[in-house]
Amino acid sequence: MVLIGFVNRLLIFALLLVITFYLPRLLPGDPLEVMVASEYTRGLNAGEIQQLRIHMGFEGSWLDQLAAYGFGILHGDLGYSFRHAAPVADIIIQPLGWTLFLILLALPIFLVTGVACGIEAGRQPHGGIDRFLTGAMTLLASLPPFVMAIGLLLVFAILLPILPASGAQPLFPAQGMVAHALQILRHALLPALALAMHEIVRFFFVARSEAISLSTRPFLLNARARGIYGVRERVDYYGRNIFPAIASRLSDAFSGLISGALFVEIVFSYPGIGLVLYKAIGERDYIVIQSTVLLLSVFILGFNWIIDTLVLLHSRRG
Amino acid sequence: MPFSRRALIQYTALWPFLGFALSPTGANGRANRLVIADEGGDRGLPAPFLHHKDGIGYLYTSYIFDTLIAQDRTGKLVGGLARAWQLSSDGLSCTITLRDNIRWHDGSPLTAKDVVFTVAYMAKHPYLFVSTVKIARAVALSANRLNILLREPDAGLLSGTLLNLPILPEHLYAGHASPERFTSGSALMGSGPYRFSGYDRAEGRYFFKGNTDYYRGDPLFDQMAIVTMGPDAALRAMRSGEVDLIPFLPYDRVTQARSMGFQVVTAASNHVVRLLFNNRNRFQDRDRRHALAFAIHRKALIETVRQGEAAPAETGFFQPNSPWGGDTALPPYAFDPQQAQTLLSKSGWSRDQHKRWCSDGEVIHLTLVTDTPLRREAVVVSEQLESIGLSVDVRILERTALREALRSGNFDLSLLSTSTMGDPSDLARYLAGDFWNGDYFAGSREMTALLEQQAQVVSLHQRKALLAKFQALYAYELPSYMLFNPNYATAHNHKIAPRFLPDGVAIGIPTSVHKSVLVG
């Protein structure tokens, strides 16, 4: 099963490679045209245009270009962007690091908050706490992620300027490593919170519905009769039994987080991969679009595979 | 070791921070540094073949790489690397004498051989901002003298090619067959007032160090940083002393910046917003172009969308203070809806019982295309045209889709922002050539001929006379109606005296932070 899951994902990856290659090419314009479109660039003669096309790797048919791209990928070469005059790996690795950092920071926020609130609400369905939390979460769910991001920015960075409004670190970071790390953390807090908000709702409802069904199970009634309450009841009795549902939901949350990061990075001018991709689409920088989407899909597929395998192993254990 | 060199640049992001932190501080307790906030973000590595292909990428590169001819603080052409130059009477050769004792940032002497190498290298590897196509070859006469031989006279040799062509170090660039892939630290070794010190692509930050050996004076700053920041964040950072200069302050933040106590320098940008007519289709008829010009109330447009931070543009191509436009009075096309309607009738259009303009019995629907930055202007223009009975459909397109629409002729009107500065050698391309943002206008052979002649005459006086004639014809033919000339603003805290140049910086960049203001 584990191997089949891996092969399935490999096939999906191959399909994605082809799709990400063709889709940007269906947009109007091409990278060379966009590159020379500034009014400050001079007119090029036909020979110069041809020379640039060859340099940029736009020689031959799309099939030839796809073959060259696929060959490069197999050799670990993501390609070279002429727009940036840099290997694609150099362009996307640092922003990818910032995005993954945001996601890693958002992960405990939405998992702990969403699941804890969900268990609390599901412990006593239709009670006061459940009504309050469900109402609040429904309200939260109705807000699009970018509205949430702008709201957080407005409140915590502009009206009460206690957190930075943009960037991943100060203009002139502190000299000490610990102080610098704290500054980076401070800059990431608002974007990570904005990213986590929407996921909190998703995990709240999963945990709540699981908790509601658990609340009627005899083992829990029995535990309560034995006086087991508080943290032990919530973690050992609810938490452990909810884990498979949360884990399987986590496997498809990753792709949502990546797309959510796009909005968040734009609002907070956070130098993540979302901004790189957004700009690359505008600039028709095919190679950056292709390789970024491909790399992200590898992360998503790999993450899914790991989570699915964990769930599978967990269920085998019973 | 190509990878390690590349990695060196890529991951030197932390070096400048360290450098800034460890550098000696001045009397005020801070390093002698200038911090510039730019909204645009990453512009690529500041080297001729590596920077992004836009004006600001070129500008950053110009801080590191010098040219033979330069501009002073008023925009006047002065010696750069060249101390003197002499153009032959037939315009086919130019003898250049370099300054003595000029050096590259690595300490090597800069000689005539470097200039000869640059000309040959640029011919082989097209640089998108300067054409060397009219140069047959360059010949070194001695260590500091050379001759540039031309295939044909080039009126823009001094104010275009030699002003804009960054000179490359032969000892570092020779042998690099693909300069777009030459990204090591050596590729960033120039002879300009500032040396490259670091770059963070992801955050769009640049770090420079003053070149103490600079031949045109001492750099004003030991260190200079350019950081990516939106205008609001930049104003806040300026208040806290982190940022010193915002070169492109949006017009709606000018009052705020002044109220915060900052100096704000404003000037007409000469980056004009114009209404392009489809000169290949409905608007081949001059009367129709004139009619629409009379139907637009430019002052009302400026008040509505720019809060007065703009002036009605000259109706010729060149704008006031341009060295090229001459001083002939041009028709202003003052708002006159009656005249507009008379001209539309004269052009063969008629009105139906609902007062809508028709052609051959069909109601005319005009399509006005533009992109997001000019959407408000487009709405106001369409409303003004609708007030005289024209039906206008505004379409806001993504930039590339807009380019496609203009190229294919799939529009009637378009609102565009256009630079009118820089040497006009290439202006024929704008009027009737393949430039996407151009006029696509083939309605006047005289205008085309004038532009061809002005690109070849040797006498500057004669060139200006030809261009003045073109200017008057442009205002009469009206391939585009120049609507307004927005003001550009720079906010600063007195560390430098930014100044906008009348014909822009080098290739016509409308910036106030030319390198001459960064040198003492």
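Below, read A as the first sequence line, B as the second, and so on, with proteins coming before strands; counting in each chain starts at 1. All of these numbers come straight from a predicted model, not from anything done at the bench.
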Measure Met229(B) against the heavy atoms of chain A and call it side chain, backbone, both or neither at under 4.5 Å. side chain

Stepwise, does the side chain to side chain contact (heavy atoms under 4.5 Å, CB included) test hold for Glu404(B) with Glu33(A)? CA-CA 10 Å; Glu404(B) 291 287 307; Glu33(A) 209 172 274; 3.2 Å; yes

Based on non-hydrogen pairs under 4.5 Å, which of Glu283(A), Gln51(A), Arg284(A), Lys279(A) is most in contact with chain B? Arg284(A)

Options Val130(B), Asp54(B), Asp232(B), ranked by heavy-atom pairs under 4.5 Å with chain A, top entry: Val130(B)

Check whether Arg236(B) gets within reach of chain A through its side chain, its backbone, both or neither, counting any heavy atom under 4.5 Å. side chain

For a 4.5 angstrom cut-off between non-hydrogen side-chain atoms, does Arg205(B) reach Gln169(A)? yes

For the OH atom on Tyr22(A), are there more than 12 heavy atoms of other groups (residues, nucleotides or ligands in this structure) within a distance under 6.0 Å? yes

Any chance you could measure Tyr80(A), atom OH, to Ser178(B), atom OG, to the nearest 0.5 Å? 7.0 Å

Minimal heavy-atom distance between Ala202(B) and Pro271(A), with the atoms involved, is O-CB, 3.2 Å

Spell out, as yes or no, whether a donor-acceptor pair under 3.5 Å connects the side chain of Gln94(A) to the backbone of Asp200(B). no

Student check: side-chain heavy atoms of Glu48(A) and Leu128(B) closer than 4.5 Å: no

Which atoms form the tightest heavy-atom contact between Ala85(A) and Thr183(B), and what is the distance? O-CG2, 3.3 Å

Checking Glu39(A) side chain against Ser419(B) main chain: does a donor-acceptor pair fall under 3.5 Å? yes

Part of Arg429(B) lying under 4.5 Å from any heavy atom of chain A: side chain

Nearest 0.5 angstrom please: Ser38(A) OG to Ile507(B) CD1, how far? 7.0 Å

By a 4.5 Å heavy-atom criterion (distance strictly below it), what part of Glu398(B) contacts chain A: side chain, backbone, both, or neither? side chain

Taking every non-hydrogen pair under 4.5 Å, which of Met421(B), Glu180(B), His51(B) racks up the most with chain A? Glu180(B)

Tell me, out of Gly44(B), Ala47(B), Gly438(B), Ser131(B), who's got the most heavy-atom pairs with chain A below 4.5 Å. Ser131(B)

Can you tell me if CZ on Phe263(A) sees more than 12 non-hydrogen neighbours from other groups inside 6.0 Å? no

Distance-only, no hydrogens or angles: does the Arg42(A) side chain make a donor-acceptor pair with backbone N or O of Tyr127(B) under 3.5 Å? yes

Walk me through whether Glu203(B) and Tyr270(A) qualify under side chain to side chain contact (heavy atoms under 4.5 Å, CB included). CA-CA 8 Å; Glu203(B) 298 208 68; Tyr270(A) 203 79; over 6 Å; no

Interchain contact, Thr228(B) with chain A, by part (heavy-atom threshold 4.5 Å): neither

Check whether Tyr430(B) gets within reach of chain A through its side chain, its backbone, both or neither, counting any heavy atom under 4.5 Å. neither

For a 4.5 angstrom cut-off between non-hydrogen side-chain atoms, does Leu27(A) reach Thr400(B)? no

If I measure from the heavy atoms of chain A, does Phe129(B) come under 4.5 Å with its side chain, its backbone, both, or neither? both

Quick check on Thr41(A) against chain B: is it the side chain, the backbone, both or neither that has a heavy atom closer than 4.5 Å? both

Output yes when a side-chain donor or acceptor of Tyr40(A) lies under 3.5 Å from a complementary backbone atom of Lys53(B), and no otherwise. no

Largest heavy-atom contact set with chain A, pairs under 4.5 Å, which of His271(B), Arg43(B), His125(B): His271(B)

Measure distances from Ile92(A) to the heavy atoms of chain B and classify the residue's part below 4.5 Å as side chain, backbone, both or neither. neither

Sub-4.5 Å side-chain heavy-atom contact between Asp42(B) and His84(A): yes

